[in-house]
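For the numbers below, each heavy atom of this structure counts, side chains included, while hydrogens, waters and symmetry mates do not. Order of the sequence lines sets the chain letters (A, B, ...), proteins ahead of strands, with each chain counted from 1. These numbers were taken from a predicted model, which means no experiment stands behind them.
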Amino acid sequence: MTEPVVTRFAPSPTGFLHIGGARTALFNWLYARHTGGKMLLRIEDTDRERSTTAAINAIIDGLTWLGLTWDGEPVFQFSRAGRHREVAEQLLAAGKAYRCYASAEELTAMREAARREGRSKLYDGRWRDRDPSEAPPGVKPVIRLKAPLTGETVIEDQVQGRVTWQNSDLDDLVLLRSDGNPTYMLAVVVDDHDMDVTHVIRGDDHFTNAARQKQIYDALGWNVPRFAHIPLIHGPDGSKLSKRHGALGVDAYRAMGYLPEAMRNYLVRLGWAHGDQEIFTTEEMIAAFDLPAIGRSPARFDFAKLESLNGHYIRQTADIDLVAALEGLLPHIAGGDQLATRMTPALRAKLIAAMPGLKERAKTLIELFETSRFVWTDRPIEIDEKALALLTPQAKASIGALLPELQALSDWTAPAVEMVVRGFAERSGAKLGAVAQPLRAALTGRTTSPPIFDVLAVLGRDESLARLADQTVTS
RNA sequence: GCUCCCUUCGUCUAGCGGUCUAGGACGCGGCCCUCUCAAGGCUGAAACACGGGUUCGAUUCCCGUAGGGAGCGCCA
């Protein structure tokens, strides 16, 4: 009889949900799903100065977009301050904690001395056994944990393995601040315990915290959850992720035209692998995911691979869903209103018809937006420079000669149009490319597009003929 | 400085003592396909940081060195 797994994602709402946080959330979600357990969401908003509701919304939006759902209502850590205080008092009463009246100046002096002497233990425990009657008047004390002086603290980490700290290197951490508010160290322990969290999966920037938290668990006599500290994500140059690289909010990735399923697939392969498999459906991911398979070295963020994956998922998405995704993105991108304001059921149908040709060629929804422009732009269409170069006098003459044959066509489908154009090319002794490229330029205003016969079919008879006619008028 | 962690192609990674002339993917080069661009197929270049051990045998285990990272608050 094993206990049900409970994981949690515990962001602090001081900014957007960045890529590292998104992956942490993904891993927590995957592990919970894999084991049939739950993932809880806890907002660590005890830093009243920096926590904002805008950040809370950004985090929730980001998780929702990524499709990472949590169980139950989010827990707001600050609302539990009373409980945290109570636990600190309990520790105090049990003699496992003590009041410390050291001033900020004393603390600074201790830190400097420790550093100078090459010691890692910063606080010297001067109030540990001192009689409370010696307390200086008017000073509000903090409550510190009476941490073990000797022996070692061991963490059996699911990712990092067994890691040991000498207790002599760890000092008495503050549990309750002088203003009566809990520290992060106390709050996490109490909340994880009260929320019945069995697995703490978080970035390994929290790794050294785990040792100190273990000491709090031990003092309380509580069971220690399983820890899994996952390596951090670095920028392409191996340095810390900055805004220039990938430390953007997940909303930025959405605006760049990435699909949530592509993000998930990219993120899950950062630090985790399942043999040689690169592409995972959500179900496959859940089935295969496991903590010990997570690597221990940090990964670099690589846009090229994300793009490649995104292209794969775009190609795989049903045409109708892709158009829906594109429409959903319109409000978030520059120029998106150009298409949004034109959208009608008829245009939507046209776009869906164009998708098979377009999605083969797009790495992001932004590209899809750009390459679909020929479908929804109005005549006379804008012709870019390279396309203009294709429309030589001879090319225009060729279009002019082909036009009547197309006009005579009653069955306006890609195969029918193809027969006409191929026949025309053969009879005029030209290669297909020599007639196709000018057509492409005239119909799409670009030198690249989906197969030209598909373009003709998607545009429809009237629009196609009109665009071609536009180019045969010599100016 | 101290504590802890990490180190396989440019990047993400497989590898858990012999199967390694080190595999896959992205990216890059070439070829094929082809109306353009893609996609797809085939193909090429590309890595076990270094030095010691342990072992009959190390990419795999141990110890150093170098490099990188995280933490070291009455922040989270």
Taking the six-membered ring of A:Phe78 as reference, does the cationic atom of A:Arg48 (NZ for Lys, CZ for Arg) lie under 6.0 Å from its centre and within 45° of its axis? yes

Rounding to the closest angstrom, what is the interatomic distance between B:C16 and B:C72 at atom C1'? 34 Å

Please determine, for the side chain of A:Lys305, which listed nucleotide (B:C26, B:C74, B:C35) has the closest atom? B:C26

Under-3.5 Å donor-acceptor pair between A:Asp205 side chain and B:G71 base: no

B:C61 and B:G15, which share atom name P, separated by this distance in whole Å: 12 Å

Classify the nucleic acid contact of A:Ser178 as base, sugar-phosphate or nothing, counting any heavy atom under 4.0 Å across all strands shown. base

Under the 3.5 Å rule, do the base of B:C35 and the side chain of A:Arg440 count as making a donor-acceptor pair? yes

Suppose you measure atom C1' in B:U8 against the same atom in B:A14; what distance do you get, rounded to whole Å? 10 Å

So, is A:Arg111 near the phosphate of B:C74, with a side-chain N or O under 4.0 Å from OP1 or OP2? yes

Just how far, in rounded Å, is P of B:A14 from CH2 of A:Trp272? 10 Å

Closest of B:C35, B:U3, B:A14 to the A:Trp165 side chain is B:U3

Considering only atom P, compute the distance from B:A66 to B:C20 and round it to an integer number of Å. 35 Å

Assign A:Val174 to base, sugar-phosphate, or nothing according to its heavy-atom contacts below 4.0 angstrom with the strands shown. sugar-phosphate

For B:G29, which nucleotide is its Watson-Crick or G-U wobble mate, given both distances must be under 3.5 Å? B:U43

Just to be sure I understand the rule, does A:Tyr266 reach a base, reach only the sugar-phosphate, or reach nothing, if contact means heavy atoms closer than 4.0 Å? nothing

Could you tell me how far B:A47 sits from B:G24 if I compare only their P atoms? Round to whole Å. 14 Å

Assign A:Gly311 to base, sugar-phosphate, or nothing according to its heavy-atom contacts below 4.0 angstrom with the strands shown. nothing

Answer yes or no: are there more than 12 heavy-atom neighbours, outside A:Glu117 itself, under 6.0 Å from its atom CD? yes

Looking across every strand, which nucleic acid part, if any, lies under 4.0 Å from A:Arg50 by heavy atom: base, sugar-phosphate, or nothing? base

When all nucleic acid strands are considered with a 4.0 Å heavy-atom cut-off, which category describes A:Asn209: base, sugar-phosphate, or nothing? base

Base, sugar-phosphate, or nothing: which does A:His274 touch, judged by heavy atoms less than 4.0 Å apart? nothing

Among the nucleotides B:C12, B:G23, B:C26, whichever has the atom closest to the side chain of A:Asp276 is B:G23

Taking atom types as they are modelled, is there a donor-acceptor pair under 3.5 Å from the base of B:C37 to the side chain of A:Ser449? no

Are A:Arg144 and A:Tyr123 in a cation-pi contact, defined as NZ or CZ under 6.0 Å from the six-membered ring centre and within 45° of the axis? yes

Sugar-phosphate, base or nothing in reach of A:Pro450, heavy atoms under 4.0 Å: base

Roughly how far apart, to the nearest Å, are B:A38 and B:C26 at atom P? 15 Å

In the structure I gave you, are the side-chain heavy atoms of A:Phe374 and A:Arg467 within less than 4.5 Å of one another anywhere? yes

Indicate yes or no for a side-chain donor-acceptor contact from A:Trp412 to the backbone of A:Leu456 under 3.5 Å, with no hydrogens or angles considered. yes

Of the candidate nucleotides B:C72, B:U11, B:C26, which contains the atom at the shortest distance from the side chain of A:Leu122? B:C72

Watson-Crick or G-U wobble partner of B:A58, both distances under 3.5 Å: none

So does A:Arg361 reach the base of B:C37 with its side chain, donor to acceptor, closer than 3.5 Å? yes

Pairing partner (Watson-Crick or G-U wobble, both distances under 3.5 angstrom) of B:A22: none

Take atom NE2 of A:His229 and atom P of B:G69, then tell me their distance rounded to the nearest Å. 20 Å

Using a heavy-atom cut-off of 4.0 Å across all strands, would you classify A:Thr448 as base, sugar-phosphate, or nothing? base

Now, which nucleotide makes the Watson-Crick or G-U wobble pair with B:U7, with each of the two distances under 3.5 Å? B:A66

Ranking B:C74, B:C12, B:A38 by distance to the side chain of A:Ala299, first place goes to B:C12

Whole angstroms only, please: what is the CD1-P distance between A:Ile452 and B:U34? 18 Å

Considering only side-chain heavy atoms of A:Glu360, which listed nucleotide, B:A76, B:A14, B:A39, is closest? B:A39

At under 4.0 Å between heavy atoms, what does A:Arg144 touch on the DNA or RNA strands: base, sugar-phosphate, or nothing? sugar-phosphate

Testing the 3.5 Å rule here: is there a donor-acceptor pair between the side chains of A:Gln215 and A:Arg212? no

Is the phosphate of B:A39 approached by A:Lys363 (side-chain N or O, under 4.0 Å from OP1 or OP2)? yes

Base, sugar-phosphate alone, or nothing: which one does A:Ala102 contact when heavy atoms must sit under 4.0 Å apart? base

If I pick the C1' atom on B:U59 and the same atom on B:C48, what distance separates them, to the nearest angstrom? 5 Å

B:G71 pairs with, by Watson-Crick or G-U criteria that keep both distances under 3.5 Å: B:C2

Select base, sugar-phosphate, or nothing to describe what A:Leu232 touches, counting heavy atoms under 4.0 Å on all strands. sugar-phosphate

Geometric cation-pi criterion, A:Arg373 with A:Phe369: 6.0 Å, 45°: yes

Side-chain contact test, heavy atoms from C-beta onward, threshold under 4.5 Å: evaluate it for A:Asp290 versus A:Tyr31 and give yes or no. yes

